[in-house]
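Just so you know, residue 1 is the first one in the sequence shown, and it goes up from there.
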Amino acid sequence: MAPSSADRIVIENVAIATVDANDTEYASGYIVVAGNKIESIGAGKAPEGLEDVVRRVDGTGHLATPGLVNTHHHFYQWITRGLATDHNLFNWLVALYPTWARIDEQMTYAAAQGSLAMMARGGVTTAMDHHYVFPQGSGDLSGSIIRAASEMGVRFTLARGSMDRSEKDGGLPPDFAVETLEGALAATEETVKKHHDASFDAMTQVAVAPCSPFSVSTELMQQGAELARRLGVRLHTHGSETVEEEKFCHELFGKGPTEYFESTGWLGEDVWMAHCVHMNDSDIAAFARTGTGVAHCPSSNARLAAGIARVPDMLKAGVPVGLGVDGTASNESGELHTELRNALLINRLGAHREAALNARQALRLGTYGGAQVLGRATQIGSLEAGKLADLVLWKIDGIGHASIADPVTAIVFGAAAPVTLSLVNGKPVVEGGRLLHADEDAIARSTRDQAQRLARIAAEG
């Protein structure tokens, strides 16, 4: 429930990076939150005579930014971290699918808690989870994930995934790890109808999200796109992640990933894809022409030796790009604010070198870019009057950042900055670096126990 529209929180004496269309910044300014929206923002002190102020925050020594927006993740992988650490994507999937195919509702709930806790205490206010493993008899996995997000207090998009191309059909997942075409479509539609909220301040939304070309039939891709558009929700999948995937698409479909996606109805303003590492000029042009978004996951791409996505070229062409943690079996840190730094540094290893990205472009990827990709740029992603009050106060006067004069440079180039306050929908979720609505120690124990339980079950076969 949102705070009363009459209740106001006033934040003053704070450096502000709004990430609005003009990249407006204030060396010392104020933010007034009324209910679940930003009422006003500007330089200097807050307006006098404000009524119903329930809290005043002195932001001295802090930078206020929009809350971070995660655009790609697999929460269940929290309980299989640290495995297959020297594998490329395809070998990593083959190694882990047999374990993942034995997850159940208790495991996904604990894993979602762990994933969300790590992100929220690191400045994420909007999270998403691409969940595509639904073993028979495993319980209400989607419901367990949504419940964990609601309890944590973060805004959330569930990308209800699916797989119907198993080993017997030339795919990678084991036969017992996939759904039928009809079953996947029916379950996805049920999830959308039960959980998707289309309102301006929605806390839970659902997208249609078949997993990838090498685990999904063409029929599921086509009918999944038709389903999403009939229901008025967004579409998400993996795309162009590795050279092996490109080879797979050419062998199986006679065309590259982008051409295949376009032939199945999977390019458009309502679509975003994870990774998009191996994109040529015509691929990027197709994404720009259609408004298709990209979830850039630099740490995971490095962990799996997938390559460096051409983010500077995508941005120049007008492709919407956000940041993603990706599953924590391929990015064990599980934090999005580290992706700001890694996006900047890894892209400077590419063709554009030091001109690839700067600190403000990296911050935009993690905030407004993510909001664009999730279809919520009118509601979140920048600090502007009338937008939802999803914001973060980063502490930058401590040992890790105090000697860096520019606040945005401090949080992007520097160490991970502590979060003093995080608001989601106008309500505090993090204070002093600690979660307000969850017991971190209990979550740590639960995720350890579920990881050990899953390992035992997988070992027993």
Evaluate ring-ring contact (aromatic ring centres under 6.0 Å, His included) for His238 paired with His275, printing each intermediate quantity in order. CA-CA 7 Å; His238 296 89; His275 305 298; 5.7 Å; yes
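For the residue pair Trp272 and Thr292, no side-chain donor N or O sits within less than 3.5 Å of a side-chain acceptor on the partner. Ser115 and Tyr76 share no donor-acceptor pair across their side chains, judged by distance under 3.5 Å alone. At a cut-off of 3.5 Å, with distance as the only test, no side-chain donor of Asp283 or His278 sits close to an acceptor on the other residue. Between the side chains of His236 and His72, a donor-acceptor pair is found at a separation under 3.5 Å. Residues Thr191 and Thr188 bring no donor and acceptor atom of their side chains to less than 3.5 Å of each other.
Between Ile284 and Met314 the shortest heavy-atom distance is CG2-CA, 4.1 Å. Taking each heavy atom of Gly334 and Thr328 in turn, the nearest pair found is CA-CG2, 3.5 Å. Residues Gln205 and Ala198 come closest through the heavy atom pair NE2-CA, 4.1 Å. Scanning all heavy atoms of the two residues, the minimum distance from Leu423 to Leu421 falls at CD2-CD1, 4.1 Å. Residue Pro213 comes nearest to Phe261 through the heavy atom pair CG-CZ, 3.7 Å, listed as atom of the first residue, atom of the second, then distance. Closest approach of Asp164 and Thr180 over heavy atoms only: CB-C, 4.3 Å.
The side-chain contact (heavy atoms from CB on, under 4.5 Å) test applied to Glu244 returns Asn88, Phe90, Thr242, not counting sequence neighbours.
The closest donor-acceptor contact from the side chain of Thr18 to the backbone of Asp20 lies under 3.5 Å.
Counting heavy atoms from C-beta on, the side chains of Met119 and Asn70 come closer than 4.5 Å. You'll find the side chain of Lys387 stays beyond 4.5 Å of the side chain of Ile41, heavy atoms only.
Taking the charged nitrogens against the carboxylate oxygens, Glu190 and Lys194 have no contact shorter than 4.0 Å, which rules out a salt bridge.
Residue pairs meeting the salt bridge (charged side-chain N to carboxylate O under 4.0 Å, His left out) criterion with at least one partner in residues 105-127, sequence neighbours excluded, are Arg121-Glu440.
Between His74 and His130, the ring planes are tilted. Angles from 30° to 60° get that label.
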